[in-house]
Amino acid sequence: MLNNQRTRPRAAAGAALALSLACVLTSCAAPGAETGGVEQSEEAPGFLAVADESLTGEGALTVQLDYDTSEADGLDPQTAQTARSWMIMGLVYETLVTTDENFEIQPALATSWEQPDDTTYVFTIDTAATFSNGRPLTVDDVVGSLERQMASMSVWSGQMGPVESIEATGDDQVTVTLSSPYAPFLAALANTPAAILPMQEVNDGSVDLTTTMLGTGPYLVSDHRQDESWTFMANPDWRGGDDLAVQTLELQIVDQESTRQAALREGSTGMANFVNIDSLSQLGGNEGLRVVNQTQSDLYYVFVNSQKPDSPLNDQDVRFAINTAIDRQAIADIVFAGETSPTGITPSNLPGACLVDELPSEQATIEDAKAVIEESGAGDAALDLVVYTSEPVMAQIAQLVQQQLAEIGVTVEIEQFDTATYNERVFTAQPGEFDLSIGWFAGYTDPSMVTKWWNPEQAFFNVGFTGVHEDLNALIAEGASESDPSARAEVLTELCASADEYSEIVPLVHRPSIIGFDTAAVSPTIQSNEGYGDILRNIVDYRIAGE
């Protein structure tokens with residue numbers, strides 16, 4: 001392995017070259033440049049925006065989004081795998097607990113809970129809650145929902161951890177017992193896939209969750225046209241329904257970032273989301289508009305395929321050399337104009353995350369990386385680097401990575417595919433039909449929910465491009481079971497270093513979430529940090545502006 005102290009003297013020159021090339025392709029800002037005078041300070045601790053409670057009107061709000069939910073199992077929240085699905089389905093469904101602006105667990109359908117020992121959780125259920133068909137929530141719905149989730153063998157059933165039993169232990173009490181301590185358990189319960197479902201209707205067949213959403217949440221689905229729009233109406237049976245200012249919510253699916261920008265400028269939408277960091281500067285100077293950059297725990301990564309036969313990437317030293325050559329800070333500065341930050345495999349904005357500067361690849365030198373490539377002959381043939389086209393910033397990251405790897409003698413050819421083709425080549429094919437690929441993970445609210453993806457025996461989607469490493473898997477398990485914060489941080493630091501050395505999934509930077517809104521239409525509450533990609537998390541607090 002490369003083990004010399006790393007310096008980045010090449011970073012300045014490399015960054016200048018990369019900037020000149022990257023700006024040919026996009027109207028990127030210079031590193032550290034002002035972002036159009038956009039003020040990114042918090043209105044209150046933990047919040048980029050806080051709804052004006054003096055506004056008492058009710059009405060409609062239109063929000064434009066870049067893409068729709070598109071799950072294989074339709075609208076079933078328990079098998080939903082994407083953050084967009086979690087956000088949309090979360091308007092209808094509620095969970096036992098939720099998270100706040102500090103990533104701390106807060107009550108939801110469970111008004112309180114006790115943990116008499118490391119493996120037992122006793123939840124008190126809010127039986128005043130009702131489903132939108134008027135039927136009261138029961139403990140049987142809670143038990144049935146969690147048991148259904150565990151039996152689903154979905155991605156989220158793995159995130160729930162070692163659940164041993166789920167029992168109703170009173171008219172308003174449910175007890176969950178784990179077979180071993182599992183630190184992310186409550187964080188896993190806080191996301192939409194752990195939603196509490198109408199199990200009576202599910203069991204008698206009167207509700208098909210793949211086509212119908214029936215929950216206890218603040219909104220009902222009025223209309224849905226796939227990849228075009230959703231219309232939600234306020235749920236009159238929701239226990240906080242009388243205070244909902246947004247009585248009608250229309251989500252319009254508009255894939256072009258420039259079209260969403262235009263709609264926000266002309267007032268045909270009240271809010272919109274953006275991925276390209278340029279939206280901060282392009283919208284920030286418009287009177288009546290506010291644009292904020294919500295820090296997501298989501299992160300971009302590079303997959304380095306170690307499972308392709310006869311590939312130079314089978315050699316761990318070659319992978320580590322590539323990892324060493326990738327300059328995370330340059331990606332943050334050049335592609336994202338300094339509006340995001342580097343991260344290791346534990347999202348850097350979560351408690352206990354490892355320090356990026358201490359990763360072995362950050363301590364190694366470019367000269368060592370270059371020597372490994374020369375000695376191995378890995379530079380003799382070009383590697384493909386695949387990205388998907390629906391998120392254009394992927395191509396910008398790829399171009400910069402291409403330049404950075406050229407510095408150590410690795411030639412990269414960028415290939416762009418539609419999402420379906422990308423998924424087939426990267427996630428379905430075994431071995432994966434690629435050398436390098438760029439994508440992003442949801443970051444969640446507990447680091448051990450992310451680290452699972454470094455164990456192919458738990459993640460499954462990566463068996464085509466990562467190997468099984470028992471020492472790394474042991475650290476992943478130890479990090480998930482350790483509850484003492486300082487002891488856990490030590491384990492996570494060791495885990496980050498181990499994953500960094502294997503260099504099969506290389507974390508890059510946090511994925512920004514730009515949210516713009518028209519102050520003449522809406523006064524929203526927006527958290528500074530978000531773990532599940534839910535930009536509408538606080539919609540029940542929004543206030544309608546104007547007439």
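All values derive from a computational prediction rather than experimental measurement.
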Student: With sequence neighbours left out, which residue pairs that include part of residues 63-138 fulfil the disulfide (SG to SG under 2.5 Å) condition?
Tutor: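 Those involving residues 63-138 do not exist here.
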
Student: Hey, does the side chain of Arg425 reach the backbone of Asn423 with a donor-acceptor pair shorter than 3.5 angstrom?
Tutor: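 No, Arg425 side chain to Asn423 backbone: no donor-acceptor pair under 3.5 Å.
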
Student: Do the ring planes of Phe123 and Trp113 sit parallel (below 30°), tilted (30 to 60°) or perpendicular (above 60°)?
Tutor: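 Tilted, since the angle between the ring planes falls between 30° and 60°.
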
Student: Any sub-3.5 Å donor-acceptor pair from Gln458's side-chain atoms to Gly158's backbone N or O?
Tutor: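 Here the side-chain-to-backbone pair does not exist.
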
Student: Could you label the plane-to-plane angle of the Phe427 and Phe303 rings as parallel, tilted or perpendicular, counting under 30° as parallel and over 60° as perpendicular?
Tutor: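 Perpendicular: the ring planes of Phe427 and Phe303 meet at over 60°.
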
Student: Between Asp298 and Arg84, does at least one N-O distance fall below 4.0 Å, as a salt bridge requires?
Tutor: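 Salt bridge between Asp298 and Arg84, a charged N being under 4.0 Å from a carboxylate O: no.
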
Student: Assess, by modelled atom type and distance only, whether the side chains of Asn293 and Thr295 contain a donor and an acceptor separated by less than 3.5 Å.
Tutor: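 Judged by distance alone, the side chains do not pair up.
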
Student: Return the orientation label for the Trp156 and Tyr444 ring planes: parallel under 30°, perpendicular over 60°, tilted otherwise.
Tutor: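 Plane angle over 60°, so perpendicular.
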
Student: Is the ring pair Tyr388/Tyr422 parallel, tilted or perpendicular, if the boundaries are 30 and 60 degrees?
Tutor: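 Rings of Tyr388 and Tyr422: perpendicular, as their planes differ by over 60°.
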
Student: Identify, with sequence neighbours excluded, every residue that meets salt bridge (charged side-chain N to carboxylate O under 4.0 Å, His left out) alongside Asp68.
Tutor: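 Scan of Asp68 (salt bridge (charged side-chain N to carboxylate O under 4.0 Å, His left out), adjacent residues dropped) gives none.
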
Student: What pair of heavy atoms forms the shortest contact from Glu482 to Ala487, and how long is it?
Tutor: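 Taking every non-hydrogen atom into account, CD-CB, 3.7 Å.
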
Student: Are a donor atom and an acceptor atom from the side chains of Ser85 and Thr69 found within less than 3.5 Å of each other?
Tutor: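 The answer is yes; a qualifying pair exists.
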
Student: Quick one: are Asn191 and Thr95 in side-chain contact, heavy atoms under 4.5 Å?
Tutor: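 Not in contact.
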
Student: Using a distance-only test with no angle check, is there a side-chain donor-acceptor pair under 3.5 angstrom linking Asn538 and Thr525?
Tutor: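 No - no donor-acceptor pair under 3.5 Å links their side chains.
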
Student: Are the aromatic ring centres of Phe465 and Phe434 under 6.0 angstrom apart?
Tutor: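 Aromatic pair counts; centres sit under 6.0 Å.
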
Student: Using 4.0 Å as the upper bound for N to carboxylate O, is an ion pair formed by Arg537 and Glu530?
Tutor: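 A salt bridge links Glu530 with Arg537.
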
Student: Say whether Glu201 and Asn133, considering side chains only, have a donor N or O and an acceptor N or O under 3.5 Å apart.
Tutor: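 Asn133 and Glu201 do have a side-chain donor-acceptor pair below 3.5 Å.
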
Student: Let's go through Trp238 and Tyr219 carefully: what are the C-alpha distance in whole Å and the side-chain angles of both, what is the deciding distance for ring pair (Phe, Tyr, Trp, His ring centres under 6.0 Å) to 0.1 Å, and is it a yes or a no?
Tutor: CA-CA 8 Å; Trp238 189 59; Tyr219 288 95; 8.0 Å; no

Student: Is there a donor in the side chain of Asn323 and an acceptor in the side chain of Ser503, or the other way round, less than 3.5 Å apart?
Tutor: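 Note: Asn323 and Ser503 side chains meet the donor-acceptor criterion.
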
Student: Between Thr138 and Asp140, do the side chains contain a donor N or O and an acceptor N or O under 3.5 Å apart?
Tutor: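 On atom types as modelled, these side chains do not qualify, holding no pair under 3.5 Å.
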
Student: Going by salt bridge (charged side-chain N to carboxylate O under 4.0 Å, His left out), name the residues that satisfy it together with Glu504, two or more places apart in sequence or in a different chain.
Tutor: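 Partners of Glu504 under the salt bridge (charged side-chain N to carboxylate O under 4.0 Å, His left out) test: none.
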
Student: Can you see whether Gln252 engages Ser229 through a side-chain donor-acceptor pair at a distance of less than 3.5 angstrom?
Tutor: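 No, no side-chain donor-acceptor pair sits under 3.5 Å.
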
Student: Does any pair with a residue in residues 177-212 pass ring pair (Phe, Tyr, Trp, His ring centres under 6.0 Å), and if so which ones, sequence neighbours excluded?
Tutor: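 Sorted result for residues 177-212: Tyr121-Phe185.
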
Student: For residues 144-151, which side-chain N or O atoms pair as donor and acceptor with protein atoms under 3.5 Å away, sequence neighbours left out?
Tutor:
{"unit_1": "Ser145", "atom_1": "OG", "unit_2": "Asp141", "atom_2": "O", "d": "2.6"}
{"unit_1": "Ser145", "atom_1": "OG", "unit_2": "Leu197", "atom_2": "N", "d": "2.7"}
{"unit_1": "Ser145", "atom_1": "OG", "unit_2": "Leu197", "atom_2": "O", "d": "3.4"}
{"unit_1": "Arg148", "atom_1": "NH1", "unit_2": "Asp76", "atom_2": "OD1", "d": "3.4"}
{"unit_1": "Arg148", "atom_1": "NH1", "unit_2": "Asp76", "atom_2": "OD2", "d": "3.4"}
{"unit_1": "Arg148", "atom_1": "NH1", "unit_2": "Gln78", "atom_2": "OE1", "d": "2.7"}
{"unit_1": "Arg148", "atom_1": "NH2", "unit_2": "Asp76", "atom_2": "OD2", "d": "2.7"}
{"unit_1": "Gln149", "atom_1": "OE1", "unit_2": "Ser152", "atom_2": "OG", "d": "2.9"}
{"unit_1": "Gln149", "atom_1": "OE1", "unit_2": "Ser154", "atom_2": "OG", "d": "2.9"}
{"unit_1": "Gln149", "atom_1": "NE2", "unit_2": "Gln78", "atom_2": "O", "d": "3.3"}
{"unit_1": "Gln149", "atom_1": "NE2", "unit_2": "Pro193", "atom_2": "O", "d": "2.5"}

Student: Would you say Tyr532 and Thr445 are linked by a side-chain donor-acceptor pair, where the criterion is simply a distance under 3.5 Å?
Tutor: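 Side-chain D/A pair, Thr445 to Tyr532: present.
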
Student: How about CD on Glu164, more than 12 heavy atoms from neighbouring residues, nucleotides or ligands closer than 6.0 Å, or not?
Tutor: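 Correct, the count exceeds 12.
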
Student: Salt bridge or not between Arg239 and Glu94? Use side-chain N to carboxylate O under 4.0 Å.
Tutor: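 Glu94 and Arg239: salt-bridged.
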
Student: Do the ring centers of Trp453 and Phe461 come within less than 6.0 Å of each other?
Tutor: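 Yes, they do, as the ring centres are separated by less than 6.0 Å.
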
Student: Would you check if there is a donor-acceptor pair between the side chains of Gln294 and Gln296 at a distance under 3.5 Å?
Tutor: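 Checked: Gln296/Gln294 side chains pair up, N/O donor to acceptor below 3.5 Å.
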
Student: What salt bridge (Lys or Arg N to Asp or Glu O under 4.0 Å) pairs are there with at least one residue in residues 167-181, not counting sequence neighbours?
Tutor: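 Passing the test, one end in residues 167-181: no pairs.
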
